[in-house]
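Numbers restart at 1 for each chain; the letters A, B, ... are given by sequence-line order, proteins then strands.
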Number of protein chains: 2
Amino acid sequence: MSAQKASAQLNAMQSRIRDLLARADKPLSAYDVIDGLRDHGRVAPPTVYRALQKLIDEGLAHRLETRNAYVVCRDGGHVCGHRHRAGFMICRTCGRTLEFGDEEIERLLGGAAARSGFVAERVAIEIQGLCATCASLPDANGA
Amino acid sequence: MSAQKASAQLNAMQSRIRDLLARADKPLSAYDVIDGLRDHGRVAPPTVYRALQKLIDEGLAHRLETRNAYVVCRDGGHVCGHRHRAGFMICRTCGRTLEFGDEEIERLLGGAAARSGFVAERVAIEIQGLCATCASLPDANGA
DNA sequence: TTGACGGATGTTATAATATATCGGTAGCCT
DNA sequence: AGGCTACCGATATATTATAACATCCGTCAA
Ligand SMILES: [Zn+2]
Ligand SMILES: [Zn+2]
Ligand SMILES: [Zn+2]
Ligand SMILES: [Zn+2]
């Protein structure tokens, strides 16, 4: 058991935050997380940001750049614990966020980059719009 | 000339900011812009944010979500003045940013979205990495 | 002409997001 | 034990963005 690595090595704070993100049905900002942890006493921003970064490093969570918010990794099948690229569809009405890990898209992005000799390291793909549910409600369509 | 619309209807502030963005060889934050306009006297944040939004609305500039920064539209051929979707490759070393408007990618993203019944409105695609120039320099490779 | 109205622009103040920096704690090696 | 290191957390502050209010200016009915 010398080379045991990564997951399950979360401390109490990290676990609490992961649970909080997992229970939420939409992305939480760092300060939403701080508020959500009020039961455990006051928590300072750096504590939360570091814990979030840890979860991201472990592949357990993602940051949504267009929202300044965080979600647990919900990439359908894959068992988390390895970092992976992902895209997101974020509903502007209900906030629900669908994660997708479409390798096809990633390959194409890599291709577009390679055409210019660009070496891709991080890829952010975030689609804002209406989820199927909200799109079917008249209110959300702007009408 | 009753229905003349859009472009060239920039006021002095908007033009100055567009010029500033155009002269910069990398994305500028809103506060970089404020600093860059110091010659013209102090400018307050809302003034700059509103002007930037105007430029974005006119299709003359884009916001980089992963950087909280702004660039002029440099989509190769197209004459700006209409909003369009774009992707970006952002060099982490020199900051230079390449804009691409790959319809193929957009179609695929639309497809990924449609598969879940998601109605895409805004699409952000931002690739961080090394530009061809920086990738060829030993320092930038992390070595 | 003139003064009520409305939209655009500018200012002040403050909110929301994120990090620099320091000090404490615990494991670990000598 | 003593010192080293790495992690952890708190205080303070930096960075990014907007709310709320004031001002200016063109429009148009009276
Ligand atoms: Zn994921
Ligand atoms: Zn929805
Ligand atoms: Zn463009
Ligand atoms: Zn570069």
Side-chain angles (χ1 to χ4, degrees), chain A residues 1-2 4-18 20-21 24 26-58 61-71 90 95 122 124 126 128, chain B residues 2 4-18 20-21 24 26-58 61-71 90 92 95 122 124 126 128:
Chain A
M1 54 179 68
S2 57
Q4 192 168 14
K5 192 171 163 288
S7 306
Q9 296 191 349
L10 301 182
N11 66 22
M13 180 63 69
Q14 290 155 3
S15 295
R16 282 201 295 259
I17 293 178
R18 186 185 56 171
L20 193 61
L21 290 178
K26 56 201 182 82
L28 298 183
S29 75
Y31 284 76
D32 288 339
V33 171
I34 289 172
D35 290 345
L37 294 173
R38 66 197 173 290
D39 296 341
H40 302 276
R42 211 173 75 85
V43 183
T47 302
V48 168
Y49 280 101
R50 280 198 286 234
L52 287 169
Q53 190 56 54
K54 169 77 170 188
L55 295 176
I56 290 167
D57 290 344
E58 296 291 342
H62 300 285
R63 171 180 163 81
L64 301 182
E65 299 288 349
T66 55
R67 290 291 193 103
N68 298 330
Y70 304 82
V71 290
I90 307 163
R122 288 200 308 131
E126 300 181 20
Q128 316 270 337
Chain B
S2 57
Q4 192 167 14
K5 193 169 164 289
S7 304
Q9 296 191 348
L10 301 182
N11 66 22
M13 179 63 70
Q14 291 154 4
S15 296
R16 282 200 297 257
I17 293 178
R18 186 185 55 172
L20 192 63
L21 290 177
K26 57 201 181 83
L28 299 182
S29 75
Y31 283 77
D32 288 339
V33 171
I34 288 173
D35 291 345
L37 293 174
R38 66 198 172 288
D39 297 341
H40 302 276
R42 211 173 75 84
V43 183
T47 301
V48 167
Y49 280 101
R50 281 197 286 234
L52 287 169
Q53 190 56 53
K54 169 78 170 185
L55 294 176
I56 290 167
D57 290 345
E58 297 291 341
H62 300 285
R63 172 180 162 82
L64 300 182
E65 299 289 347
T66 55
R67 290 293 192 101
N68 297 331
Y70 304 82
V71 290
I90 307 163
R92 72 164 152 82
R122 288 200 306 133
E126 299 182 20
Q128 315 269 337

For the pair made of [atom1] in [X] and [atom2] in [N], what is the distance, rounded to whole Å?
| X | N | atom1 | atom2 | result |
| --- | --- | --- | --- | --- |
| B/Asp57 | C/dA8 | CG | C1' | 14 Å |
| B/Asp32 | D/dT15 | CG | P | 10 Å |
| B/Arg50 | D/dA19 | CZ | C1' | 10 Å |
| B/Gln53 | C/dG10 | CD | P | 16 Å |
| A/Leu28 | C/dA18 | CG | P | 13 Å |
| B/Arg42 | C/dG10 | CZ | P | 13 Å |
| B/Ile34 | D/dT18 | CD1 | P | 13 Å |
| B/Asp35 | D/dA14 | CG | P | 14 Å |

Exercise for the section: List the steps and the verdict of side-chain contact (heavy atoms from CB on, under 4.5 Å) for B/Arg63 and B/Asn68. Expected result: CA-CA 7 Å; B/Arg63 172 180 162 82; B/Asn68 297 331; 3.1 Å; yes
Exercise for the section: Using a 4.0 Å heavy-atom cut-off across all strands, classify B/Arg67 as base, sugar-phosphate, or nothing. Expected result: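 If one applies the 4.0 Å heavy-atom cut-off, B/Arg67 turns out to touch nothing in the nucleic acid.
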Using OP1 and OP2 only, check whether a side-chain N or O of [X] sits under 4.0 Å from [N].
| X | N | result |
| --- | --- | --- |
| A/Tyr49 | C/dA20 | no |
| B/Ser29 | D/dT15 | no |
| B/Asn11 | C/dA8 | no |
| B/Asn68 | D/dA17 | yes |
| B/Arg63 | D/dT16 | no |

Practice task
Measure the spacing between CD1 of B/Ile17 and CG of B/Leu10 and express it to the nearest 0.5 Å.
Solution key: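 The CD1 atom of B/Ile17 sits 10.0 Å away from the CG atom of B/Leu10.
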Problem - Distance in Å, B/Asp57 CG paired with B/Arg50 CZ, rounded so as to fall on 0.5 Å steps - result: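 With rounding to 0.5 Å, CG (B/Asp57) is 13.0 Å from CZ (B/Arg50).
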Problem - Contact nearer the 5' end of DNA chain D, comparing A/Pro46 with B/Tyr70 - result: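 In this pair, the answer is A/Pro46.
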Exercise for the section: Record whether the side chain of B/Tyr31 comes under 3.5 Å of the base of D/dA14 through a donor-acceptor pair of N or O atoms. Expected result: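 Absent.
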Practice task
Decide yes or no for B/Lys54 and B/Met13: does some side-chain heavy atom of the first lie under 4.5 Å from some side-chain heavy atom of the second?
Solution key: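 No, their side chains stay 4.5 Å or more apart.
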Handout entry: Electrostatic pair B/Glu58-B/Arg18, nearest N-O below 4.0 angstrom
Key =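 Salt bridge between B/Glu58 and B/Arg18, a charged N being under 4.0 Å from a carboxylate O: no.
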Handout entry: 5'-most by nearest nucleotide on DNA chain C - A/Pro45 or B/Ala44
Key =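 The residue mapped nearer the 5' terminus is B/Ala44.
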